[in-house]
Amino acid sequence: MTGKTAPPAAEPAPKKEPKEQPAPAPAAEKPPTPAAEQPTAPADQPTPVPTAEATPAAGEGSSAPAQPQHSRACPHHCGFVTEPPSSPLSLAVEEVSENSVTLTWKAPEQTGQPGLDGYLVEICKDGSSDWTAANKEPFLSTRYTIQDLSSGDKVHVRVKAVNASGVSVPATLEQPVLIREILQLPRIRMPRHLRQTYVRRVGDAVNMMIPFQGKPQPEVIWTKGDQPLDTSRINIRNTETDTIFYIREAQRSDSGKYELTVRINGAEDKAILDIRVIEPPGSPQNLKLVDVWGFNVALEWSPPMDNGNSEIKGYVVQKSDKKSGKWFTVLERCTRTSCTVSDLIIGNTYSFRVFAENACGLSENAAVTSRVAHIKKTKTTYQPQKITQWDMMEPPKFTQPLTDRTTTRGYSTHLFCCVRGFPQPKIIWMKNQMEIREDPKYIAMTKQGVCSLEIRKPNPFDGGVYTCKAVNALGEASVDCKLDVKGHWAALWNWISWCQSEDRSKGKTKSKVDAAAAGR
């Protein structure tokens with residue numbers, strides 16, 4: 001029902017506005033504050049009537065704030081009901097200076113169906129009820145700086161949100177704002193990489209930005225050796241928060257300590273900037289070929305006259321063979337002013353040169369030896385080394401003797417022993433003091449001092465005492481062992497013999513022997 005009745009109600013309203021309401025518009029400009037406090041003003045009029053007056057009166061502090069709580073028909077005859085936006089949120093003061101104040105706020109929760117057109121900022125001096133607009137037209141930013149204020153004044157500030165349906169209830173600061181400069185002592189915030197020596201090469205650009213802080217705007221002063229800077233070479237550009245030091249092409253003369261002073265009404269802060277402009281050093285002086293011996297050459301020189309405004313890190317020594325004519329580096333970063341070049345080739349002729357090195361690099365020129373070094377061939381005579389003759393003669397000596405062994409009939413067995421001596425002794429095997437000669441039953445071997453005798457398939461008759469005898473020109477030595485060869489029934493007959501000896505003593509010989517025979 002609302003959607004059908006709204007269009008006819010909106011049509012007659014614009015026709016009556018210029019006829020019935022010409023006078024109230026200027027009357028609303030005189031008492032802006034009371035108009036904002038009358039929420040019932042639109043109750044006597046149809047909804048479209050105050051719509052035409054709300055927008056122009058918003059910039060003049062008129063009774064526009066009284067309209068936001070009532071819905072109204074869209075002036076474009078869209079067929080839906082619109083509302084003014086709600087109040088802006090979180091209104092606060094961001095910064096105060098000697099003649100300005102900066103405000104910030106957040107967008108309202110409700111912007112209305114047409115969308116937000118912007119904000120209106122109004123101010124009123126403390127003790128007065130006249131609100132004046134700080135901006136002529138609405139803007140969408142949530143940050144605004146009010147300029148051209150008088151220092152020492154107290155002002156009340158409020159912000160309204162505006163859309164096509166009207167303006168919102170204003171968001172007002174609870175306390176007036178005192179317009180005055182907030183002082184801040186000067187302080188230089190020197191970057192960390194500038195707190196030590198700032199090194200650049202000759203011809204490089206020097207570009208440094210040093211931030212600082214202080215209120216009101218501090219005075220920035222640059223000096224070098226208590227003298228003003230040469231503006232023909234050094235460019236200084238200052239802003240409210242930093243200073244920029246710039247040299248297009250640095251020279252050695254630009255090296256030194258620069259003093260930066262930031263000053264506010266007698267209070268100041270200072271910082272020292274140390275700049276060093278370097279270049280490659282000069283060549284070493286007085287390079288001499290001191291001595292040549294064997295495959296070695298000794299060189300000496302003096303430091304360069306000009307170190308390039310940087311400490312000499314070392315020297316690079318190179319050699320050149322007369323045959324090839326090419327230079328090769330033999331020493332890098334030599335920290336002394338003398339060196340020895342070794343491992344030169346016999347018969348070759350060498351020249352030498354030395355470069356100086358600093359943080360910028362090697363010197364452009366090198367110091368070259370005035371004379372060359374020829375590595376001569378030296379005559380050598382061979383002297384054979386005298387070898388001491390050691391007496392290695394030794395009589396035979398057994399280091400591992402023979403051990404007694406027991407074996408079973410028909411199973412081959414081995415006898416082992418170890419002997420040493422020089423000259424190599426002759427090994428003789430004997431059984432029961434009789435030399436064992438060529439007998440296929442016995443196999444004797446000697447290898448690296450280990451003597452072995454294999455007895456193939458022995459029988460009880462092969463048991464006895466075996467002897468190994470070693471003989472050389474210095475003497476002889478022998479070792480022996482006992483070999484026992486048992487048959488398959490030997491154990492049984494030993495047991496039977498034992499039983500007989502036991503039974504004789506007890507008179508039971510026959511019974512045990514018979515029992516044993518029966519058991520077998």
Side-chain angles (χ1 to χ4, degrees), residues 188 190-211 222-237 242-260 271-290 297-320 325-341 350-370:
I188 300 174
M190 182 69 72
R192 178 170 297 181
H193 70 281
L194 298 180
R195 296 176 188 175
Q196 53 190 357
T197 303
Y198 186 77
V199 180
R200 281 293 180 269
R201 297 188 179 187
V202 172
D204 290 350
V206 178
N207 190 7
M208 298 174 293
M209 183 180 70
I210 303 175
W222 282 93
T223 58
K224 179 183 180 183
D226 298 331
Q227 298 295 326
L229 301 184
D230 183 5
T231 56
S232 62
R233 290 195 40 75
I234 304 174
N235 298 320
I236 302 294
R237 190 183 68 179
D242 55 50
T243 177
I244 298 177
F245 183 99
Y246 180 74
I247 302 176
R248 185 177 297 276
E249 293 183 359
Q251 298 179 1
R252 288 275 294 272
S253 59
D254 296 326
S255 301
K257 293 185 178 181
Y258 294 79
E259 185 178 59
L260 171 62
I272 301 298
L273 180 63
D274 188 7
I275 298 178
R276 182 184 301 172
V277 182
I278 64 175
E279 61 182 348
S283 59
Q285 305 291 315
N286 304 321
L287 177 59
K288 297 179 182 179
L289 185 62
V290 179
V297 170
L299 302 174
E300 287 185 357
W301 62 89
S302 301
M305 299 293 293
D306 181 12
N307 64 358
N309 202 23
S310 178
E311 181 182 0
I312 299 296
K313 292 184 176 181
Y315 301 91
V316 177
V317 181
Q318 296 182 344
K319 68 178 180 179
S320 175
K326 297 181 180 180
W327 291 96
F328 299 93
T329 300
V330 293
L331 290 175
E332 291 184 349
R333 292 286 179 91
C334 178
T335 56
R336 298 179 298 175
T337 56
S338 63
C339 71
T340 300
V341 181
Y350 292 93
S351 296
F352 300 91
R353 67 181 183 184
V354 179
F355 291 90
E357 183 179 7
N358 65 1
C360 196
L362 297 178
S363 58
E364 295 181 359
N365 299 318
V368 184
T369 53
S370 58

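All values derive from a computational prediction rather than experimental measurement.
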CZ/R248: more than 12 non-hydrogen atoms of other groups inside 6.0 Å: no
Approximate separation, where rounding is to 0.5 Å, of I247 CD1 and I234 CD1: 4.5 Å
Separation between NZ of K313 and CG of N358, rounded to the nearest 0.5 Å: 7.5 Å
Heavy-atom check, side chain of T369 versus side chain of L299, under 4.5 Å: yes
Heavy-atom pair of closest approach, residues G282 and P304: O-CB, 3.2 Å
Pairing residues for F352 by the ring-ring contact (aromatic ring centres under 6.0 Å, His included) criterion, not counting sequence neighbours: none
Rounded distance (nearest 0.5 Å) linking atom CZ of R336 with atom CD of E300: 10.5 Å
Test item: side-chain donor near acceptor, S232 and D230, under 3.5 Å: yes
Student check: side-chain heavy atoms of M208 and V206 closer than 4.5 Å: yes
Between CG on residue D242 and CE on residue M209, distance to nearest 0.5 Å: 5.0 Å
Residue pairs fulfilling side chain to side chain donor-acceptor pair (under 3.5 Å) with at least one residue in residues 273-285, sequence neighbours excluded: T197-D274, R252-E279
Closest approach of S255 to K224 (non-hydrogen atoms, all atoms of both residues): O-NZ, 3.1 Å
Which atom of N309 lies closest to which atom of I278, heavy atoms considered: O-CG2, 3.4 Å
Whether R233 side chain and E249 backbone form a donor-acceptor pair below 3.5 Å: yes
Step-by-step side-chain contact (heavy atoms from CB on, under 4.5 Å) determination, W301 to V317: CA-CA 11 Å; W301 62 89; V317 181; 4.0 Å; yes
Atom pair OH (Y258) and CG (L194), whose distance is rounded to the nearest 0.5 Å: 13.5 Å
Closest heavy-atom pair and its distance - E364, F355: O-CE2, 4.4 Å
V297 vs L289 side-chain heavy atoms within contact, under 4.5 Å: yes
Flag side-chain contact, heavy atom, 4.5 Å: C360 against P281: no
Where V316 and T329 come nearest, the two heavy atoms and their spacing: CG1-CG2, 3.8 Å
Point-to-point distance, once rounded to the nearest 0.5 Å, from OG of S363 to OH of Y315: 9.5 Å
Side-chain heavy atoms of F245 within contact of I210, under 4.5 Å: no
Check: N307 side chain, I312 main-chain N or O, donor-acceptor pair, under 3.5 Å: no
Side chains of L273 and L260 in contact at under 4.5 Å (non-hydrogen atoms): no
Enclosure of E332 CD (heavy-atom neighbours >12, cutoff 6.0 Å): no
